Amino acid sequence: MRANKSRDTGPEMALRRELFRRGLRYRVGVAPLPHVRRTVDIAFPRAKVAVLVDGCFWHGCPEHYRQPKSHTDYWDAKVRRNEERDKQTTGLLEDAGWRVIRLWEHEPVTQMADIVQEAVKGVDEN
């Protein structure tokens with residue numbers, strides 16, 4: 001599993017390129033909560049918007065996740081733990097005043113960028 005990247009994945013890079021093209025500036029791999037050892041894929045600290053691009057396999061996408069045929073006990077537990085950690089991370093960030101945007105890797109890049117841009121611009125306008 002070492003070959004599986006935790007950051008700079010294809011979908012994440014495509015979203016970052018599109019956001020940059022639209023003039024949005026962000027931070028990458030930020031740990032928004034100093035007391036919690038978790039990072040977000042893309043952060044807009046001033047607007048307090050955290051963006052996470054979840055992989056369909058690793059995070060149990062309802063549309064695309066297919067259980068492996070071997071070692072099913074391991075993979076079921078692994079994906080379940082990931083989902084629980086995702087919920088916990090989202091809750092911690094929201095409790096700290098962050099707006100959390102979770103996107104699936106299969107979503108079109110322009111659609112993802114629209115969602116992020118609206119969230120960031122909406123905060124900047126207030």
Side-chain angles (χ1 to χ4, degrees):
M1 286 191 295
R2 278 194 175 155
N4 296 313
K5 296 170 17 172
S6 62
R7 66 173 271 185
D8 300 335
T9 62
E12 183 184 328
M13 293 297 293
L15 176 59
R16 286 171 28 194
R17 279 190 296 271
E18 179 63 20
L19 293 172
F20 193 88
R21 189 188 70 73
R22 293 179 183 205
L24 296 173
R25 301 301 179 254
Y26 48 82
R27 298 204 42 220
V28 178
V30 174
L33 304 175
H35 61 283
V36 179
R37 229 182 97 194
R38 297 195 187 141
T39 60
V40 297
D41 298 328
I42 302 168
F44 297 88
R46 182 177 289 149
K48 287 191 111 173
V49 174
V51 181
L52 297 113
V53 181
D54 293 338
C56 290
F57 176 77
W58 298 105
H59 298 270
C61 172
E63 287 182 50
H64 298 109
Y65 177 72
R66 297 292 176 262
Q67 184 181 46
K69 298 200 185 309
S70 61
H71 305 290
T72 55
D73 292 341
Y74 170 80
W75 288 112
D76 283 345
K78 171 73 173 160
V79 172
R80 195 170 336 111
R81 282 191 315 268
N82 288 349
E83 291 172 332
E84 289 168 6
R85 188 175 50 248
D86 291 346
K87 288 177 188 169
Q88 183 186 35
T89 301
T90 298
L92 289 169
L93 288 167
E94 288 175 343
D95 290 346
W98 285 76
R99 174 154 183 214
V100 179
I101 300 173
R102 285 196 170 271
L103 304 165
W104 290 108
E105 70 177 347
H106 66 264
E107 294 180 66
V109 174
T110 54
Q111 181 181 338
M112 289 193 287
D114 290 344
I115 293 167
V116 173
Q117 184 175 16
E118 187 163 326
V120 172
K121 295 294 183 186
V123 171
D124 286 344
E125 291 171 358
N126 292 335

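Keep in mind that this is a model prediction, so the values were computed, not measured.
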Enquirer: Should the pair R25 and F20 be classed as cation-pi, given the thresholds of under 6.0 Å to the six-membered ring centre and 45° from the axis?
Expert: yes
Enquirer: Taking side chain to side chain contact (heavy atoms under 4.5 Å, CB included) as the test, write out the residues that go with A113, two or more places apart.
Expert: L15, E18, L19, R22
Enquirer: Check whether E107 reaches the backbone of W104 with its side chain - one donor and one acceptor, N or O, closer than 3.5 Å.
Expert: yes
Enquirer: In terms of hydrophobic clustering (I, L, V, M, F, W, Y; side-chain heavy atoms under 4.5 Å; direct or indirect links), are I101 and V53 co-clustered?
Expert: yes
Enquirer: Can you tell if the side chain of Y26 reaches within under 4.5 Å of the side chain of V51, non-hydrogen atoms only?
Expert: no
Enquirer: In terms of hydrophobic clusters joined by side-chain contacts under 4.5 Å, are V49 and W98 together?
Expert: no
Enquirer: Do E12 and T9 touch side chain to side chain, with heavy atoms closer than 4.5 Å?
Expert: yes
Enquirer: Are E63 and H106 side-chain neighbours, meaning at least one heavy-atom pair lies under 4.5 Å?
Expert: yes
Enquirer: Can you hop from V120 to V109 via hydrophobic side chains spaced under 4.5 Å?
Expert: yes
Enquirer: Run the salt bridge (charged side-chain N to carboxylate O under 4.0 Å, His left out) test against D76 and tell me which residues pass, sequence neighbours left out.
Expert: none
Enquirer: With no hydrogens and no angle check, is any side-chain donor or acceptor of K48 less than 3.5 Å from a backbone partner on A96?
Expert: yes
Enquirer: Cluster question for you: counting only ILVMFWY and a side-chain heavy-atom cut-off of under 4.5 Å, with indirect links fine, are V116 and M13 together?
Expert: no
Enquirer: Using residues 32-39 as the side-chain source, report each donor-acceptor pair under 3.5 Å to any protein atom, sequence neighbours left out, with the distance given to one decimal.
Expert:
{"from": "R38", "atom 1": "NH1", "to": "Q88", "atom 2": "OE1", "distance (Å)": "3.1"}
{"from": "R38", "atom 1": "NH1", "to": "T89", "atom 2": "OG1", "distance (Å)": "2.9"}
{"from": "R38", "atom 1": "NH2", "to": "Q88", "atom 2": "OE1", "distance (Å)": "2.7"}

Enquirer: Check whether any side-chain heavy atom of L103 sits under 4.5 Å from a side-chain heavy atom of L52, and report yes or no.
Expert: no
Enquirer: Within this structure, what is the CZ-CH2 distance for the pair R80 and W75, rounded to the nearest 0.5 Å?
Expert: 13.5 Å
Enquirer: Holding to salt bridge (charged side-chain N to carboxylate O under 4.0 Å, His left out), I want the full list of residues that pass it with R102, two or more places apart in sequence or in another chain.
Expert: D54, D86
Enquirer: Under the rule for salt bridge (charged side-chain N to carboxylate O under 4.0 Å, His left out), what residues qualify as partners of E105, not counting sequence neighbours?
Expert: none
Enquirer: Between the side chains of D41 and R16, is the shortest nitrogen-to-carboxylate-oxygen separation below 4.0 Å, so that they form an ion pair?
Expert: no
Enquirer: Do M112 and I115 have side chains that get closer than 4.5 Å, going by heavy atoms?
Expert: no
Enquirer: Taking salt bridge (charged side-chain N to carboxylate O under 4.0 Å, His left out) as the definition, give me every residue that meets it alongside R81, ordered by chain and number, with sequence neighbours left out.
Expert: none
